[in-house]
Amino acid sequence: MPEQTRPAAPRSFATAQVQAGFDSGIAENTAIPSIHQSNGFEFRSLAEARDLFALRKDGNIYSRAANPTVLVFERRVAELEGGIAAAGVASGQAAVAVALLALAKQGEHIVAARQLYGGTVDLLQDTFADWGIEVTFVDQDDLDAWRAAVRPTTRALFAESISNPIAQVLDLGAVAAVAKEAGVPLVIDNTVATPYLQRAKDFGADIVVHSATKFLGGHGTSLGGVVVDLGTFDFTAQPARWPQLTQTYPRVPDGSLVERFGETGSPYIALVKTKYVHDLGPSLSAFNAFQLLQGLETLDLRMERHTASALTVARFLESHPAVSRVHHPGLESSPWHAQAEAYLPHGVSSVFAFDLPATGDPEADFRLVEEFISRLQVIRLVANIGDARSLVAHPSSMTHSHMSPTQLSEAHIGPTTVRLSIGLEDARDLVDDLARALDQLALTADRADLAESLAR
């Protein structure tokens, strides 16, 4: 039935207070993306609704799976990463989850770096195990370990481009070569690097995820995540490995996702949105997408300030006698300095860690870190990174506290490891703040004496 313009019906007060003054078919010419704070969207006809639900036509249905404000955010991040499509979700953790669930199902396998954010380790070793997906963790610097871990059931390799909290720089090109040999996509968490410091696609990644909560948003106000298909992996080369994309998809009556979206978009992102975001519901709100878009507009300017200040702070810490080691790849002493120069041409991580002298006594070590953090006045104790404010955390008792002693050791996290996320304040104020806190720590070469003094 052709669409017709219906004459306005008479309205009572109750009807008018709900509907007056608004026409869903009129688009306003705003200069910036609008907040489309709507759960659902009006269809022009039932025929249009049927086509949209059958994925025969692109358009807005319901904000759980798609929203116009979120779409602007998705397109912007996809372009910054050089990708072909993206899916915005409720958090970075959701981005990792749906990105990998769209690749691996029960009985299949993922190879992941050991050096990951603690919450990601929880997801992969606990929740994925509950769902029958096995994950093998390897040292990200050991290419032989990556190769040896691959199985016929492996469906993805996963790592962070810059690890949290040690700022270990992945040899992305080398790991990408292993993924290519194995015939599986390389999924990279590019949260700490952002597409400004590193475009993972340029070095062989196939899929990128971000916790947009961090640097993309940049102001500590909004949770969000995003999955980006970089368009480099051919799921049709071995179609039997990827039946979710190459075989008939029940939600596309006319065939597979590859047939429906292969020429015009991303079958992979279509699967992420129409199954995993739709069914599990980790949706990015329109309001949060709007705030993340505001952050994206200054990403390059902020990253330049973040990274420059972080290197200044790292150099100061390396020179201070109360610091035993600084984990920052911009320092010549870092084992990942050469990789930072190769993979991070616009600046090096502003999230990094350093170690205070350990005593060997866990309680004394904790009190040492607690005493240090309590003396900071400019840098805030917050479990976040990528904020405009400079933040400090103690990984072994906070963000990575669920990991075993062996896992912590393998990730280079000790009992006195302190994580910093350097913000946008004046670097001189940050150095002065750290100096005041460090200068007051007991300085002694005898660790037993230090432990005894802390125990008093």
Side-chain angles (χ1 to χ4, degrees), residues 96-97 99-190 193 198 200-201 203-209 230 232-235 237-243 327 329 334-336 338-340 342-343 400 402-413:
V96 174
L100 295 175
L101 286 172
L103 298 172
K105 63 180 183 297
Q106 185 178 25
E108 294 179 337
H109 175 249
I110 295 167
V111 185
R114 288 173 180 163
Q115 296 87 347
L116 297 173
Y117 160 63
T120 306
V121 174
D122 291 342
L123 170 69
L124 298 183
Q125 74 177 8
D126 294 341
T127 303
F128 272 33
D130 292 343
W131 294 340
I133 301 170
E134 190 172 353
V135 179
T136 300
F137 293 94
V138 300
D139 180 352
Q140 70 177 43
D141 288 339
D142 188 343
L143 295 177
D144 290 335
W146 283 103
R147 292 190 186 93
V150 172
R151 308 173 186 173
T153 56
T154 301
R155 292 297 177 266
L157 271 56
F158 177 75
E160 296 173 1
S161 52
I162 302 175
S163 70
N164 172 9
I166 301 298
Q168 191 167 337
V169 180
L170 181 72
D171 190 348
L172 206 161
V175 178
V178 175
K180 188 173 183 179
E181 291 170 12
V184 300
L186 173 60
V187 183
I188 291 295
D189 185 333
N190 207 31
Q198 179 188 98
K201 179 179 181 177
F203 302 103
D206 300 297
I207 295 162
V208 159
V209 298
L230 300 177
T232 54
F233 189 81
D234 183 4
F235 289 99
Q238 293 180 293
R241 275 193 171 189
W242 316 104
H327 308 273
S334 170
W336 302 288
Q339 285 173 201
Y343 287 108
H400 295 67
H402 299 162
M403 294 168 63
S404 69
T406 298
Q407 288 176 310
L408 289 170
S409 177
E410 290 173 343
H412 310 292
I413 299 170

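Position 1 is the first residue of the sequence, and the numbers go up from there. Heavy atoms only: backbone and side chains are in, while hydrogens, waters and symmetry mates are out.
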(request) Working to the nearest 0.5 Å, report the span between CG of D206 and CD1 of I188. (result) 9.5 Å
(message) Measuring only between side-chain heavy atoms, which start at C-beta, is F158 closer than 4.5 Å to V135?
(response) no
(message) Taking T406's backbone N and O only, do any of them form a donor-acceptor pair with S409's side chain (distance below 3.5 Å, no angle check)?
(response) no
(request) Measure the CG-OG1 distance between L157 and T136 for me, rounded to the nearest 0.5 Å. (result) 10.0 Å
(request) Would you check if R114 and Q407 make a side-chain contact, meaning some heavy-atom pair closer than 4.5 Å? (result) no
(message) On a heavy-atom basis, which atom in A104 and which in I133 lie closest, and how many Å separate them?
(response) O-CD1, 3.4 Å
(request) Determine whether F137 and E410 make a side-chain contact, defined as any pair of heavy atoms from C-beta on separated by less than 4.5 Å. (result) no
(message) Using every non-hydrogen atom in the two residues, find where A205 and L230 come nearest and quote the distance to one decimal.
(response) O-CD1, 3.4 Å
(request) Indicate yes or no: at least one non-hydrogen side-chain atom of L101 is less than 4.5 angstrom from one of W131. (result) yes
(message) Please find the pair of heavy atoms, one from G204 and one from A176, that lie closest to each other, and give the distance.
(response) O-CB, 3.6 Å
(request) State, with a plain yes or no, whether a side-chain heavy atom of E134 is found less than 4.5 Å away from one of T153. (result) no
(message) Working to the nearest 0.5 angstrom, can you tell me the gap between L124 CG and I110 CD1?
(response) 6.5 Å
(request) Compare every heavy atom of L170 with every heavy atom of Q339, then report the nearest pair and how far apart it is. (result) NE2-C, 3.8 Å
(request) Of all the heavy-atom pairs spanning I162 and A167, show the shortest one and how long it is. (result) CG2-CA, 3.6 Å
(message) Any side-chain to backbone donor/acceptor pair from R147 onto E181? Under 3.5 Å, distance only.
(response) no
(message) Restricting to non-hydrogen atoms, name the atom on E160 and the atom on N164 that form the minimum distance, rounded to 0.1 Å.
(response) OE1-N, 3.0 Å
(request) Supply the atom-to-atom distance Q140 CD to W146 CH2, rounded to the nearest 0.5 angstrom. (result) 7.0 Å
(request) Decide yes or no for V175 and L143: does some side-chain heavy atom of the first lie under 4.5 Å from some side-chain heavy atom of the second? (result) yes
(message) Do F235 and L103 have side chains that approach each other closer than 4.5 Å (heavy atoms only, starting at C-beta)?
(response) yes
(message) Given L123, which partner from the list V121, D126, T127 fulfils the side-chain contact (heavy atoms from CB on, under 4.5 Å) test?
(response) T127
(message) Do D141 and Q115 pair up side chain to side chain, a donor and an acceptor below 3.5 Å, judged on atom types alone?
(response) no
